[in-house]
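Have a look at the structure below, then the notes.
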Amino acid sequence: MVVGDVTTGTDVLVVGAGPAGYVAAIRAGQLDLDVTLVEKDAYGGTCLNYGCIPSKALITATDVAHEAAAAEEMGIHADPAIDLAGMMDWKDGVVDQLTSGVEKLCKANQVNLLEGTARFADENTVRVSHSGEGQGSESLEFEHAIIATGSRPIQIPNFEFGDEPVLDSKQALALESVPDSLVVVGAGYIGMELASVFAKLGTDVTVIEMLDSILPGYDDDLKRPVKQRATNLGIDFELGYTASDWNDLEDGDEIRVVAEPAEQVTADGGSAEAVEDERLELDTEKVLVAVGRQPVSDTLDLVEAGVETDDSGFIQTDSRACTNIDHIFAVGDVAGEPMLAHKGSAEGQVAAEVIAGEPAALDHQAMPAVVFTDPEIATVGMTESEAEEAGFETVTGQFPFRASGRALTTGDSDGFVKIVADDGDGYVLGASIVGPEASELIAELGLAIELGATLEDVASTVHTHPTLSEAVMEAAENALGHAIHTLNR
Ligand SMILES: Cc1cc2nc3c(=O)[nH]c(=O)nc-3n(C[C@H](O)[C@H](O)[C@H](O)COP(=O)(O)OP(=O)(O)OC[C@H]3O[C@@H](n4cnc5c(N)ncnc54)[C@H](O)[C@@H]3O)c2cc1C
């Protein structure tokens, strides 16, 4: 480890080893560039350590327990006992396997790994401070930099993270005991995914959301089965409320969370005219705040490098992932919405290729997104109304999973596949799926959009029987007016 004021140099400096940064570093290594990847915490970033992977591991584990308990219709009588410590050990093992894999892949691609926190000193230099006693700091000169510092959860007034019993998503994914009750503030995808995990662990869950519906941005017909199943799990929804404060209760382990009708809360979080009898008071053991995430761009001294951000702190980039400074790039959550791991990785690859002199650019037609609720929601491309707003004459086709033989054999047949296409030439413009394995099924439709495939192409591709993927083919046939296993309108 270098201590003190020694200055070293690199062709490509990557700050942050999440899915945007480590992918950029590996791709740059493959292209024979001299790369240094600086990470202050853990390889794999939010996604592998505190986000996508641990949340999906716990969703799967709690699903297994829930499905076993609910399989009486199949002749299975089970009463699973959950050992939370064992479940968390398994989840941590998955995370460790993946993060050590990232470290090995970086090394195998000749990426220099540097542990520490980077801050810009000027437009060609960062200072990297190493954590731990006597570790000091060093200066690193670079030809090109890729900023991939990710995002952090947004705090709301009066709910400080780290102030037990207020949890952020990272803490909620590492609890040592199952809380009896949990209030989740925010019904976005992170709040909804974790609400289901805890409901399946047996926690009494209430979701508070300031808007009048869950999962803002998704069509009502996609959200309906999710809300229904969440309600069946015993999750309560308090829509149109904003959590404003909490206080300890005299005895017991519970706290009282106070929420005001959303329209009475002012911009700074204060209560304009709290009308007492409209106020909500919820007694709970823990409260999880999941109201959104913000870019980590304020701790980098960006001003020293001349890199600009927008008003929300996102670094603005062009189609080559380049910032307003020619040789500095930004990728992943810090470079804007959608804050999704695969979007960051795609940007990371482009940034590395542009630096290597390749004619790369972000030119994908559609960005898929998945909500891993029960059932899952997956979307890609345009919705029907977005396509119409963009000037297309649209045709749509739909296929319900209750008409799918495979879905019925899994015992999970809520939901449907919907395809939106151009009515004239049949090009697939978008798709949405709610139901079993929506997260896997959406990939075929993403490929269809990227390749410029038509409804006819999807419908005439022979799909294996019995599979859920047949629903994709049938939805395309339905749009063409000749689905076999559902009525054509
Ligand atoms: C609970 C949860 C569930 C999620 N589930 C999904 C999902 O299912 N699918 C999906 O696509 N996305 C999901 N996400 C979002 C996903 O985690 C992010 O989109 C993704 O991690 C962004 O990648 P990134 O590389 O831009 O940033 P990050 O993964 O946040 O990585 C940034 C890294 O930079 C490091 N860093 C920051 N500043 C410095 C500095 N100055 N010096 C050195 N290092 C620094 C940080 O320590 C961090 O490791 C989820 C997020 C959460 C919180």
Side-chain angles (χ1 to χ4, degrees), residues 8-39 43-45 47 102 105-114 118 120-126 128 140-151 295-297 300 302-310 313-368 446 449-450:
T8 47
T10 188
D11 285 348
V12 185
L13 163 77
V14 183
V15 185
Y22 84 73
V23 168
I26 289 176
R27 188 73 191 111
Q30 290 171 347
L31 292 164
D32 288 331
L33 295 164
D34 170 60
V35 199
T36 303
L37 175 60
V38 184
E39 170 55 55
Y43 299 113
C47 181
V102 164
L105 284 169
C106 285
K107 286 180 179 158
N109 284 285
Q110 280 76 50
V111 174
N112 305 305
L113 298 173
L114 190 55
F120 286 93
D122 61 44
E123 67 170 60
N124 284 97
T125 320
V126 283
V128 178
L140 189 65
E141 283 183 1
F142 57 83
E143 295 283 318
H144 299 91
I146 301 177
I147 302 169
T149 46
S151 62
V296 177
S297 58
L300 280 166
L302 283 180
V303 64
E304 304 298 333
V307 174
E308 290 165 6
T309 66
D310 68 12
F314 289 111
I315 301 175
Q316 286 181 309
T317 53
D318 61 18
S319 62
R320 299 168 314 135
C322 191
T323 68
N324 62 305
I325 303 295
D326 270 0
H327 63 282
I328 303 184
F329 296 71
V331 295
D333 285 7
V334 76
E337 299 279 358
M339 289 196 258
L340 295 170
H342 45 278
K343 173 255 185 191
S345 299
E347 291 174 343
Q349 296 216 32
V350 166
E353 288 168 9
V354 169
I355 292 171
E358 300 208 346
L362 291 158
D363 67 348
H364 47 262
Q365 299 298 307
M367 183 60 68
I449 295 172
E450 285 302 325

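For the numbers below, each heavy atom of this structure counts, side chains included, while hydrogens, waters and symmetry mates do not. Remember, it's a predicted structure, so these values are computed and weren't measured experimentally.
- Applying the salt bridge (charged side-chain N to carboxylate O under 4.0 Å, His left out) test to residues at least two apart or on different chains, the pairs with a partner in residues 322-351 are Lys343-Glu347.
- Atom CG of Leu302 sits about 5.0 Å away from atom CD1 of Ile315, to the nearest 0.5 Å.
- Considering CD of Glu304 and CG of Asp122, their distance stands at 8.0 Å, rounded to 0.5 Å.
- Among residue pairs with one or both ends in residues 349-364, those qualifying as side chain to side chain donor-acceptor pair (under 3.5 Å) are Arg27-Glu353; sequence neighbours excluded.
- Taking the six-membered ring where the residue is Trp, Phe329 and His144 present tilted rings, their angle falling between 30° and 60°.
- Residue pairs meeting the side chain to side chain donor-acceptor pair (under 3.5 Å) criterion with at least one member in residues 10-22, sequence neighbours excluded, are Thr10-Asp34, Thr10-Thr36.
- The distance from the SG atom of Cys47 to the NE2 atom of His342 is 10.0 Å, given to the nearest 0.5 Å.
- When all heavy atoms are compared, the tightest approach of Ile146 to Ala351 is CD1-CB, 4.0 Å.
- Leu140 has its side chain within reach of Leu114: a pair of non-hydrogen atoms, C-beta onward, lies under 4.5 Å apart.
- Here the NZ-CG distance, from Lys107 to Leu113, works out to 6.0 Å after rounding to the nearest 0.5 Å.
- Rounding to the nearest 0.5 Å gives a distance of 13.5 Å between OG1 of Thr317 and CD1 of Ile328.
- Within the 4.5 Å cutoff, side-chain heavy atoms of Cys106 are placed close to those of Ile26.
- Val354 is not listed as a side-chain neighbour of Cys322, based on a closest heavy-atom distance of 4.5 Å or more.
- Taking 4.5 Å as the limit, every side-chain heavy atom of Ile355 sits out of range of all side-chain heavy atoms of Glu143.
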